[in-house]
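Reading through the structure tokens given below for one structure.
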Amino acid sequence: MLRFYNTMTRKKEVFKPLKKGKVQMYSCGLTVYDYAHLGNLRAYVFVDLLKRWLEYRGFHVNHVMNFTDVDDKTIKGMQKEGTTLKQYTRKYITAFLTDLETLNVNKAQIMPKATAHIREMVELIKILMEKSLGYKGSDGSIYYDISKFEDYGKLSKMKIEELKAGARVKVDEYGKDQASDFALWKAWSPADGEVFWDTPLGKGRPGWSIECSAMSMKYLGETLDIHTGGVDNIFPHHENEIAQSEAITGKKFVNYWLHNEHLLIKGRRMGKSLKNFHTLKDLLRMNYSPMAIRFFLLSTQYRKQFSFNFEGLEAAENALQRFYSFLDRLENVGGCEVGEDITELIYTIEKDFEEAMDDDLDISRALAAVFNLVKEVNSHIDKKLLDPRGAEQVKNLMVKINKALGILDHFWSRKKEKLSKEAEDLIKKREEARSAGDWKKADYIRNKLREIGIILEDTPEGVKWRIEKQSI
RNA sequence: GCCGGGGUGGCCGAACGGUUCAGGCGGCAGCCUGCAGAGCUGCUCUAUAUGGGUUCAAUUCCCAUCCCCGGCUCCA
């Protein structure tokens with residue numbers, strides 16, 4: 001039984017989509033004013049896992065993830081570089097898409113940009129004004145009057161009165177009636193320079209949250225099955241989306257709200273403002289492999305804060321290596337014609353894995369099941385109890401599990417890796433030295449190969465080689 | 001101040017109130033190996049923040065205290 005923790009109800013709920021077998025899912029994407037850091041990427045690795053798991057369970061997922069390509073920060077950044085908004089944001093969009101590819105994150109079918117949906121947003125704002133939920137402030141901007149939306153605060157469990165009283169709510173420096181009202185449409189100001197749209201609402205640009213209301217409605221309909229985002233989006237962004245969408249349609253906006261927790265570094269949230277972040281590129285430059293980084297980001301359940309550190313990354317690298325050695329071993333089982341029947345083991349592991357994942361993507365528990373499989377099967381191989389048919393069964397399960405995890409793809413596609421002629425010759429020479437009992441020479445050659453990243457292992461079936469820190 | 005989440009072995013991280021508290025990483029030892037690597041086995045002191053309570057039984061429920069993180073402002 002697939003269950004997710006719904007931020008709205010603060011409970012785990014059995015997942016049931018509106019239409020059988022189909023999931024309409026919207027993910028808040030990135031504001032593209034800078035390169036994504038690992039904290040950002042965690043959010044998208046989580047979404048990827050979620051989507052993969054839904055697909056594993058047989059759902060067809062219709063997934064939309066937006067780009068916020070106009071806001072204060074993008075405008076500021078663009079001006080600083082003396083370029084256009086489009087050029088400025090394109091750079092970061094491209095970089096972000098590359099990051100996703102590197103981390104083996106499957107892209108959403110639709111990745112709309114806010115700036116390409118101004119018309120849709122204007123339409124929605126007009127409806128809100130007709131319903132007198134929106135009003136024009138003294139500065140010409142249009143605001144949402146949250147006091148008119150009864151349910152305001154239902155997602156974040158905040159009370160409007162407390163918002164008003166909150167010590168940190170800015171004094172009303174704009175033209176809105178209440179400090180807690182939020183902008184649907186921001187009137188042009190000289191600081192915006194070239195960035196504005198001439199619309200029936202006036203010259204200006206959209207507020208932040210209206211884009212998600214507009215784009216989700218356009219591509220997915222009035223009620224979504226799942227909406228994801230970081231916990232920092234709960235208030236005010238998602239609260240505002242609800243207020244907009246539900247006021248407009250009169251229908252429930254989202255059935256399941258899923259929010260991922262933050263990645264921490266040295267006990268604090270990884271973020272741009274604290275300048276305590278690492279980008280994917282930084283880590284790749286330090287020679288960490290993309291799949292280890294994916295595994296690292298994946299290996300803690302999405303609702304838990306967890307800390308980035310290099311030890312953890314190293315551990316992920318090693319854990320992954322364990323999988324690789326295991327798969328390697330599986331493909332070379334021999335010396336056992338009729339082994340033990342492992343059907344039951346396979347079944348148990350599969351069940352453990354699936355039950356854990358079904359339980360709000362409890363990945364740690366799920367991975368424990370996979371590691372148990374590795375251990376059990378390794379033990380079988382050691383005792384020569386695994387026959388080729390059993391190996392095939394295990395491999396099939398690993399392939400299936402990997403559809404959800406997406407960490408082993410490169411292992412199977414990597415096969416093209418070949419040794420250089422020099423390395424091959426060296427291995428041959430070492431074999432000759434070994435059979436002659438010349439250990440000194442054999443070890444010398446082995447060390448030499450190691451220096452160029454080739455690791456040799458002597459096994460009963462002969463010498464084997466592997467590339468250290470495979471770039472996978 | 002208000003509202004959330006959390007404190008489990010060297011590190012990371014699971015756990016319907018109940019057989020020895022998963023699993024990973026690291027370290028040590030043994031088996032295997034010419035050695036190494038991989039793998040397996042075992043160990044890593046009384047591991048569940050503290051103090052009470054409920055219960056036959058509590059990591060798990062309740063209360064109090066201490067500490068950490070987050071949201072209340074643009075932010076994945």
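Chain A is the first sequence line, chain B the second, and so forth, proteins listed ahead of strands; every chain is numbered from 1. Treat the numbers as computed from the prediction; the structure is a model and nothing was measured.
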Point to revise | rC35(B) OP1/OP2 closer than 4.0 Å to side-chain N/O of Arg446(A) | key: no
Practice item. For the side chain of Arg322(A), starting at C-beta, report the closest nucleotide among rG71(B), rA22(B), rG24(B). Key: rG24(B)
Practice item. May I ask you to evaluate whether Lys304(A) reaches the phosphate of rA14(B), defined as a side-chain N or O under 4.0 Å from OP1 or OP2? Key: yes
**Study point:** OP1 or OP2 of rG70(B) under 4.0 Å from side-chain N/O of Arg268(A)
**Key:** yes
Point to revise | Rounded distance (Å) that lies between atom C1' of rA76(B) and atom CG of Leu50(A) | key: 15 Å
Review point. Out of rA38(B), rG39(B), rA76(B), which nucleotide sits closest to the side chain of Ala43(A)?
Key: rA76(B)
Check your understanding: Taking only side-chain nitrogens and oxygens of Ser27(A), does any of them come within less than 4.0 Å of OP1 or OP2 of rA76(B)?
Key -> no
Check your understanding: Would you say Arg303(A) reaches rA76(B)'s phosphate, i.e. side-chain N/O to OP1/OP2 under 4.0 Å?
Key -> no
Check your understanding: Does one side chain, of Asp328(A) or Ser325(A), offer a donor that lies under 3.5 Å from an acceptor on the other?
Key -> no
Practice item. Report yes if a side-chain nitrogen or oxygen of Arg269(A) is closer than 4.0 Å to either non-bridging phosphate oxygen (OP1 or OP2) of rG71(B); otherwise report no. Key: yes
Exercise for review: Starting at atom CE of Met158(A), determine the distance to atom P of rG1(B), rounded to an integer number of angstrom.
Suggested key: 18 Å
Review point. Which nucleotide in the list rG34(B), rG13(B), rA22(B) gets nearest to the side chain of Asn372(A)?
Key: rA22(B)
Check your understanding: Quick one: which of rG13(B), rG34(B), rC25(B) gets closest to the side chain of Ala315(A)?
Key -> rC25(B)
Check your understanding: Quick one: is rG26(B) close enough that its OP1 or OP2 comes under 4.0 Å of any side-chain N or O from Asn318(A)?
Key -> yes
Practice item. Could you tell me whether Glu81(A) and Lys91(A) have a side-chain N and a carboxylate O separated by less than 4.0 Å? Key: yes
Review point. When rounded to the nearest Å, what value does the distance between C1' atoms of rG26(B) and rU20(B) take?
Key: 23 Å
Revision key, fill the gap. If pairing means Watson-Crick or G-U wobble with both distances under 3.5 Å, then the partner of rG1(B) is rC72(B)
Exercise for review: Rounded to whole angstrom, note down the P distance from rC16(B) over to rC11(B).
Suggested key: 24 Å
Study note, to complete from the structure: Quick note, Arg329(A) side chain, CB onward, closest among rG39(B), rG70(B), rG13(B) is rG39(B)
Review point. Base, sugar-phosphate, or nothing for Ala368(A), non-hydrogen atoms under 4.0 angstrom?
Key: base
Practice item. Check whether the side chain of Lys73(A) and the base of rC74(B) form a donor-acceptor pair under 3.5 Å. Key: yes
Point to revise | Spacing of His259(A) atom NE2 relative to rA76(B) atom C1', expressed in whole Å | key: 10 Å
Point to revise | NZ/NE/NH1/NH2 to OD/OE distance under 4.0 Å, Arg446(A) and Asp443(A) | key: yes
Practice item. Starting at atom CG of Asn309(A), determine the distance to atom P of rG24(B), rounded to an integer number of angstrom. Key: 19 Å
Exercise for review: Kindly say whether Leu220(A) contributes a backbone atom to a donor-acceptor pair with the side chain of Gln24(A) at under 3.5 angstrom?
Suggested key: yes
Review point. To the side chain of Gln305(A), which of rC69(B), rA76(B), rC35(B) is closest?
Key: rC69(B)
Check your understanding: Is there a Watson-Crick or G-U wobble partner for rA49(B) with both distances under 3.5 Å, and which nucleotide is it?
Key -> rU65(B)
Point to revise | Presence of salt bridge, Lys400(A) and Glu350(A), under 4.0 angstrom | key: yes
Point to revise | N/O (side chain, Asn233(A)) to phosphate O (OP1/OP2, rA76(B)) under 4.0 Å | key: no
Can you list, pair by pair, the side-chain donor-acceptor contacts under 3.5 Å of residues 31-38 of chain A, counting residues two or more places apart and other chains?
unit_1: His37(A); atom_1: ND1; unit_2: Asn40(A); atom_2: ND2; d: 3.1

Check your understanding: Do Lys107(A) and Glu101(A) sit within salt-bridge range, that is, some charged N less than 4.0 Å from a carboxylate O?
Key -> yes
Point to revise | Partner nucleotide of rC28(B) by Watson-Crick or wobble geometry (both distances under 3.5 Å) | key: rG42(B)
Practice item. Tell me which nucleotide among rA22(B), rG34(B), rC40(B) gets nearest to the side chain of Ser364(A). Key: rA22(B)
Check your understanding: If you check every side-chain atom of Arg466(A), which of rA38(B), rA76(B), rC40(B) has the closest atom?
Key -> rA38(B)
Review point. Can you tell me the Watson-Crick or wobble partner of rC16(B), both distances under 3.5 angstrom?
Key: none
Check your understanding: Just checking Asn378(A): base, sugar-phosphate only, or nothing, at a heavy-atom cut-off of under 4.0 Å?
Key -> sugar-phosphate
Review point. Would you say Phe371(A) stacks on rG23(B), if stacking means ring centres under 5.5 Å apart and planes within less than 30 degrees?
Key: no
Review point. Nearest of rA14(B), rG39(B), rA76(B) to any side-chain atom of His262(A)?
Key: rA76(B)
Exercise for review: Give the rounded distance in Å between these two atoms: CZ of Arg365(A) and P of rC21(B).
Suggested key: 17 Å
